[in-house]
Structures are given as structure tokens and as C-alpha cells.
Asks: 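What follows is a structure written as C-alpha cells; I'll ask about it next.
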There are 2 protein chains.
Amino acid sequence: MDKAGFIAAADLQCQQQGVKLTALRRQVLELVLAHEGVVKAYQVLADLQRERGIAAPPTVYRALDFLVEAGLLHKVDALNGYIVCRHVGCCHEGLILVCSACGDVSEVDASPALDVLREQALLQGFAIRQQNLLLTGLCQACRV
Amino acid sequence: MDKAGFIAAADLQCQQQGVKLTALRRQVLELVLAHEGVVKAYQVLADLQRERGIAAPPTVYRALDFLVEAGLLHKVDALNGYIVCRHVGCCHEGLILVCSACGDVSEVDASPALDVLREQALLQGFAIRQQNLLLTGLCQACRV
DNA sequence: TCTTAAATGTTACTATATAACAACACCGTT
DNA sequence: AACGGTGTTGTTATATAGTAACATTTAAGA
């Protein structure tokens with residue numbers, strides 16, 4: 001999906017959720033989209049400062065939190081970063097694969113796997129909620 | 001397993017791996033063991049400072065890294081913390097369940113699930129390495 | 001003993017994230 | 001239009017997390 005298409009889909013999704021994709025949030029989303037792979041909050045902050053003069057950390061973190069909450073971004077804890085959700089409108093459980101060599105990130109549907117894990121967790125009394133899985137390894141290009 | 005037993009097992013495991021569980025590393029491990037659930041690096045640092053007067057962040061981080069590397073602790077990225085590996089000597093792929101309500105953490109063997117995920121990842125060309133999975137949800141006590 | 005590698009100490013710094021409150025904008029009601 | 005509530009954004013300050021670089025010490029073998 002191209003950038004404009006993604007923004008349009010994001011807009012739609014927010015409407016459906018009854019939340020507002022404000023100008024600021026859209027701008028932050030665009031800044032994230034402008035990068036390949038994982039983006040860090042302070043990178044977004046720097047980009048934002050370039051575009052609007054000044055901006056403080058809370059501005060960026062709020063927008064990023066919102067976008068994660070809305071299902072448009074995924075937070076990648078292990079990397080202190082964010083990636084664009086490539087499955088807007090469909091699944092919201094991603095299996096996020098991070099290449100430890102080149103940093104490349106790809107995302108596939110994790111729902112089947114999480115169904116299995118959900119059962120296993122229930123044996124312990126744990127009711128796991130919807131979420132993403134992050135796995136690290138080597139991508140095809142780095143495995144040669 | 002009680003604390004002393006765990007330390008003994010840790011000692012053995014380090015010997016088998018040909019690495020050294022030095023006094024400092026053992027002390028840090030004991031400090032982590034003294035807590036329930038997730039422990040933060042700076043909490044360990046504070047504890048260490050109480051016991052030996054002074055200590056700086058690198059001292060703690062090095063010890064924690066070592067203990068993770070040796071399979072005695074797991075790093076919990078999503079929480080910026082560490083937990084004791086409750087499966088020393090057996091599996092080294094844990095499924096870590098974190099209760100978002102009470103913070104309780106439990107760990108079970110994740111190997112079967114990871115075998116499935118490994119296959120799914122391979123379809124994308126990703127060779128995922130040995131690792132832990134973290135899932136959040138509600139524990140039995142908090143589900144009522 | 002000497003030498004070398006590993007471990008630890010030390011200083012300084014960079015990076016990540018949040019609290020707390022102020023100001024503003026939007027929206028429905030009177 | 002004026003009001004009041006809610007959600008959003010701005011602002012300042014600070015808390016928390018992690019690492020780089022180099023000095024010093026310790027441990028283990030030649």
C-alpha cells in the first residue's frame with residue numbers, strides 16, 4: 001500500500017473506532033511512514049522539530065501511543081521503537097520478525113500461533129490479551 | 001527451588017558452560033532472587049549500593065548481561081526488567097506470562113510453541129534464534 | 001615471576017520516557 | 001453568542017534506562 005493509501009485507510013479506521021486522527025497525529029504517522037522499518041520516538045521528534053520548529057517529547061509520545069492504540073503502529077519493545085502495522089483493517093495480532101544483522105523488520109499474521117499460545121497460557125490460569133509477538137533471527141538476505 | 005539451591009544450580013551451570021560465576025555476579029543474582037517477579041536494573045543497583053557502599057550502572061548491567069547470557073535470568077524487554085529463569089538446566093526458551101494487573105510473572109516452556117513459530121517464520125525466509133516469548137494478560141487471581 | 005586476558009571500577013554521557021500543569025480547540029447546550 | 005465540559009496540545013522539568021571509553025585490578029597460565 002502506498003503512503004497516501006495508508007493514510008486514507010488510517011483515517012477510515014479511526015473514524016470507525018470513533019477516535020480522531022488529528023493533524024498532529026497524522027503528521028507523526030507520516031513521519032513514521034517515511035522511514036523503512038523501525039523508527040524511534042526521538043527520531044520522530046527530531047523530524048517533527050524540523051517540520052514545525054519546536055516540539056517536546058510528550059507531543060511525540062502521545063501521538064505514538066495514540067497510533068499504537070488505534071492499531072496503526074506496533075510498538076517494538078525490544079528495540080524501543082515503532083513500526084507501521086502492515087495489516088491495517090485486518091488482523092491485529094502480528095508476528096514481528098526482526099533481523100538481528102540488518103535490522104530489517106517484517107510482519108505476518110500471528111493469530112494462529114497466538115491461538116496455540118493462548119491455550120497453553122490458560123493452563124497456567126493466564127488469559128492473555130490481544131498482542132503482537134516479536135521474534136529475532138536472521139532474514140533471508142543475511143543468512144547466506 | 002529455594003534460593004540456596006538455585007545458587008548451587010547456577011554455579012553448576014556456569015561451570016558446565018566454562019564461565020565464571022564470580023562473587024559480584026553471584027551477589028547480583030542473589031539480589032534479583034530476593035525479589036518477586038520482575039526486577040529493574042536500577043533497583044538492583046540501589047540494592048548493590050546498600051550492600052557495598054558504591055556501585056555504578058555498568059557494574060550492574062555487566063552482571064545482568066552475564067546472567068542472561070548464562071541462561072540464569074531472562075530479560076523482559078517490555079518491562080525494562082529481568083526475571084529469574086525458573087527452568088535452569090532444562091529448557092532455555094521460556095513463555096513468560098505477565099499479568100498486566102498485578103505484575104505477577106510466571107514462566108513455562110515455550111519450545112513447542114516456538115517450533116511452530118519457527119516454521120511460520122521460515123516461510124518468510126527468517127531463521128529465528130533461540131529466545132523467549134513474552135505475553136501479557138490477566139492471571140488467575142486478577143481475572144475474577 | 002611475568003604476562004595476558006578477563007573482570008571490575010570510574011567518569012561522563014547519551015537515550016528513553018513520564019509527571020504535572022497550562023493553554024487551547026472543539027462540540028453540544030442554553 | 002456565551003457557557004461549560006472534554007479532549008488535545010504545549011511547556012517545563014525531571015525521572016528512568018543504558019552505554020562509551022578508559023583505568024585498574026584480579027586470575028590463570030607460560
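A note on names: the letters A, B, ... follow the listed sequences, proteins ahead of strands, and every chain is numbered from 1. Heavy atoms only: backbone and side chains are in, while hydrogens, waters and symmetry mates are out.
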Asks: Would you kindly give the CD-to-P distance between A:Q27 and D:dT9, to the nearest whole Å?
Replies: 11 Å
Asks: So what does B:T22 touch, heavy atoms closer than 4.0 Å: a base, only the sugar-phosphate, or nothing?
Replies: sugar-phosphate
Asks: Hey, is CD on B:E36 packed in by over 12 heavy atoms from elsewhere, all under 6.0 Å?
Replies: no
Asks: In whole angstrom, what separates B:L24's CG from C:dA6's P?
Replies: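 Value for this atom pair: 17 Å.
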Asks: With the threshold set at 4.0 Å, does a side-chain nitrogen-carboxylate oxygen contact exist between A:R62 and A:D65?
Replies: no
Asks: For the side-chain contact (heavy atoms from CB on, under 4.5 Å) test, which of A:V84, A:L29, A:L33 pairs with A:K3?
Replies: A:L33
Asks: Does A:Y42 stack onto the base of C:dT16, taking stacking as ring centres under 5.5 Å apart and planes under 30° apart?
Replies: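 So A:Y42 counts as stacking on the base.
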Asks: At under 4.0 Å, does any side-chain N or O of A:K40 touch on OP1 or OP2 of C:dA15?
Replies: no
Asks: Of all heavy-atom pairs between B:L135 and A:Q131, which one has the smallest distance, and what is that distance?
Replies: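 Here B:L135 and A:Q131 meet closest at CA-OE1, 3.1 Å.
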Asks: Taking for each residue the nucleotide of DNA chain C with the nearest heavy atom, is it A:N80 or B:R52 whose nucleotide lies nearer the 5' end?
Replies: B:R52
Asks: Just the rounded figure in Å: distance from C1' of D:dG18 to CG of A:L79.
Replies: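 Going from A:L79 (CG) to D:dG18 (C1'), I get 15 Å.
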Asks: Name the residue from A:V44, A:L48, A:T22, A:V32 that meets the side-chain contact (heavy atoms from CB on, under 4.5 Å) definition with A:Q27.
Replies: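 Running side-chain contact (heavy atoms from CB on, under 4.5 Å) over A:V44, A:L48, A:T22, A:V32 with A:Q27 returns exactly one hit, A:L48.
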Asks: Side chain of B:Y61, heavy atoms from C-beta onward: which of D:dT19, C:dA17, C:dT16 has the nearest atom to it?
Replies: D:dT19
Asks: So does A:I83 get a backbone contact from the side chain of A:K75, meaning a donor-acceptor N/O pair under 3.5 Å?
Replies: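 Between the backbone of A:I83 and the side chain of A:K75 there is no qualifying donor-acceptor contact (under 3.5 Å).
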Asks: Is a salt bridge present between A:E93 and A:R118, judged by a nitrogen-to-oxygen distance below 4.0 Å?
Replies: yes
Asks: Atom CG of A:D65 and atom P of C:dA19: how far apart are they, to the nearest Å?
Replies: 11 Å
Asks: Would you mind reading off the distance between B:L64 atom CG and D:dG18 atom C1', rounded to a whole angstrom?
Replies: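 These atoms are roughly 12 Å apart.
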Asks: How does protein reach along nucleotides 24-30 of chain D, written 5' to 3' as B (base within reach of a heavy atom under 4.0 Å), S (only sugar-phosphate), or - (no contact)?
Replies: -------
Asks: Between A:T59 and D:dG10, does any side-chain N or O lie under 4.0 Å from OP1 or OP2?
Replies: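 Answer is yes, contact under 4.0 Å.
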Asks: Set out, line by line, the N/O atom pairs under 3.5 Å between protein and nucleotides 20-22 of chain C.
Replies:
unit_1, atom_1, unit_2, atom_2, d
C:dA20, N6, A:R62, NH2, 3.3

Asks: Roughly how many Å is it from CG in A:L45 to P in D:dT9, rounded to a whole number?
Replies: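 To the nearest whole Å, that distance equals 15 Å.
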Asks: Considering only NZ, NE, NH1 and NH2 on the basic side and carboxylate oxygens on the acidic side, decide whether B:E30 and B:R25 come within less than 4.0 Å.
Replies: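 No salt bridge links B:E30 with B:R25.
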Asks: Name the one of B:H87, B:R86, B:E107 that satisfies side-chain hydrogen bond (donor to acceptor under 3.5 Å, both in side chains) with B:H74?
Replies: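 In the set B:H87, B:R86, B:E107, the residue that makes a side-chain hydrogen bond (donor to acceptor under 3.5 Å, both in side chains) with B:H74 is B:E107.
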Asks: If I take atom CD in residue A:Q43 and atom C1' in nucleotide C:dA15, what distance separates them, rounded to the nearest angstrom?
Replies: 13 Å
Asks: Starting from P on D:dG7, measure out to CD on A:Q17 and report it in whole angstrom.
Replies: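 These atoms are roughly 16 Å apart.
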